[in-house]
Amino acid sequence: IIKSLVQIYKKNPFKIIVIIAFLSSFLALFMAYISQYFFGLEPCILCYYQRKPFFVVIAISLLALLLKTKKYLKIATIFCALLFLTNAIIAFYHSGVELKWFDGPKFCATQNLENISDLEQLRQTILSTKAIKCDEPQFYFLKLTMANWNFLYSAGLFLLILAILIREKLSKKYETK
């Protein structure tokens, strides 16, 4: 498997990056949903915001892989890098809220109120809603919260893609000389 990945990388490094971006985003979302639905860790609003860039990376990656041209794969690589950076920034903010470095959003409890039709139903919904606060982590692994892990994960993916983009740019620059 590794030999075939190296051959693909040599042929088109952007294709490997896009595949890695897709798989990394899928894995992150898979773990988030496992944590939510199997382990009962209810996400706060900032947790939901951190999922959005992963969904966009998956969509962009799939589109670029379907279009198959090096141009689209390179554009997708750049967008994926920017989305991972965006996610790292959101996760850093969320980590800062958890550590009380920053104020959290004013709307810190999650609940869908679209299907409420009368005041009694609204009252029952409010009374039965468990407020998920952005500044109270529900889970720690190796003394880090999920927002901390997401920051490290997203920042690492951004730096990996950036390093590969810089390497490709430099290798093209020296090939022409």
Side-chain angles (χ1 to χ4, degrees), residues 1-39 41-98 102 105 110 134 137-142 144-176:
I1 292 175
I2 294 179
K3 283 184 180 181
S4 61
L5 290 175
V6 170
Q7 288 173 344
I8 293 171
Y9 179 81
K10 286 180 180 179
K11 191 174 181 182
N12 187 348
F14 303 114
K15 186 173 186 176
I16 290 293
I17 296 170
V18 170
I19 291 170
I20 290 170
F22 171 82
L23 293 174
S24 301
S25 295
F26 180 83
L27 178 64
L29 289 171
F30 179 76
M31 295 305 294
Y33 285 111
I34 292 290
S35 299
Q36 182 178 351
Y37 291 109
F38 288 98
F39 297 112
L41 299 175
E42 288 298 321
C44 71
I45 193 69
L46 291 176
C47 295
Y48 283 120
Y49 289 164
Q50 289 172 85
R51 293 179 185 183
K52 292 181 187 309
F54 289 128
F55 281 113
V56 178
V57 167
I58 287 172
I60 289 173
S61 299
L62 286 175
L63 183 62
L65 289 168
L66 288 172
L67 295 174
K68 295 182 183 179
T69 67
K70 193 169 185 172
K71 175 184 172 185
Y72 289 124
L73 289 166
K74 185 174 183 178
I75 292 168
T77 299
I78 292 166
F79 275 115
C80 288
L82 293 173
L83 286 161
F84 286 131
L85 176 61
T86 301
N87 205 2
I89 291 167
I90 297 168
F92 179 81
Y93 172 68
H94 192 182
S95 296
V97 169
E98 292 173 342
F102 313 119
T110 57
C134 299
Q138 297 179 49
F139 178 75
Y140 290 86
F141 179 68
L142 301 176
L144 296 175
T145 67
M146 290 181 80
N148 302 150
W149 283 109
N150 188 34
F151 169 74
L152 295 172
Y153 189 73
S154 296
L157 288 166
F158 167 72
L159 292 173
L160 173 69
I161 293 173
L162 183 64
I164 293 171
L165 286 170
I166 290 170
R167 182 178 179 275
E168 286 303 307
K169 183 75 170 172
L170 290 176
S171 69
K172 297 293 182 214
K173 180 179 177 182
Y174 292 114
E175 277 179 12
T176 58

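The analysis underlying the following values was restricted to heavy atoms, covering all of them including side chains, and did not include hydrogens, waters or symmetry mates.
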> So among T86, N87, N150, which one has a side-chain hydrogen bond (donor to acceptor under 3.5 Å, both in side chains) with Q50?
Replying inline: N150
From [X] atom [atom1] to [Y] atom [atom2], the distance as rounded to the nearest 0.5 Å:
X    : Y    : atom1 : atom2 : value
I20  : L160 : CD1   : CG    : 6.0 Å
T77  : K70  : OG1   : NZ    : 10.5 Å
S35  : M146 : OG    : CE    : 3.5 Å
I90  : Y48  : CD1   : OH    : 15.0 Å
I34  : L27  : CD1   : CG    : 10.5 Å
L162 : L157 : CG    : CG    : 12.5 Å

>> Set out, in order, the CA-CA distance, both residues' side-chain angles and the distance that settles side-chain contact (heavy atoms from CB on, under 4.5 Å) for V57 and F79, then state yes or no.
In response: CA-CA 8 Å; V57 167; F79 275 115; over 6 Å; no
> Is the shortest heavy-atom distance from the side chain of Y72 to the side chain of L65 under 4.5 Å?
Replying inline: no
>> For C44 and H94: C-alpha separation, side-chain torsions, deciding distance, then whether side-chain contact (heavy atoms from CB on, under 4.5 Å) applies.
In response: CA-CA 10 Å; C44 71; H94 192 182; 3.4 Å; yes
Search all heavy atoms of [X] against all heavy atoms of [Y] and return the closest pair with its distance.
X    : Y    : result
N148 : T145 : OD1-N, 2.8 Å
C80  : S61  : SG-OG, 3.8 Å
A64  : A76  : CB-CB, 3.4 Å

> ring pair (Phe, Tyr, Trp, His ring centres under 6.0 Å) with F54: which residues, sequence neighbours excluded?
Replying inline: none
> Per the side-chain contact (heavy atoms from CB on, under 4.5 Å) rule, which among I161, I75, L73 passes with V18?
Replying inline: L73
>> Quick check against the 3.5 Å criterion: does Y153 have a side-chain atom that pairs as donor or acceptor with the backbone of S24?
In response: yes
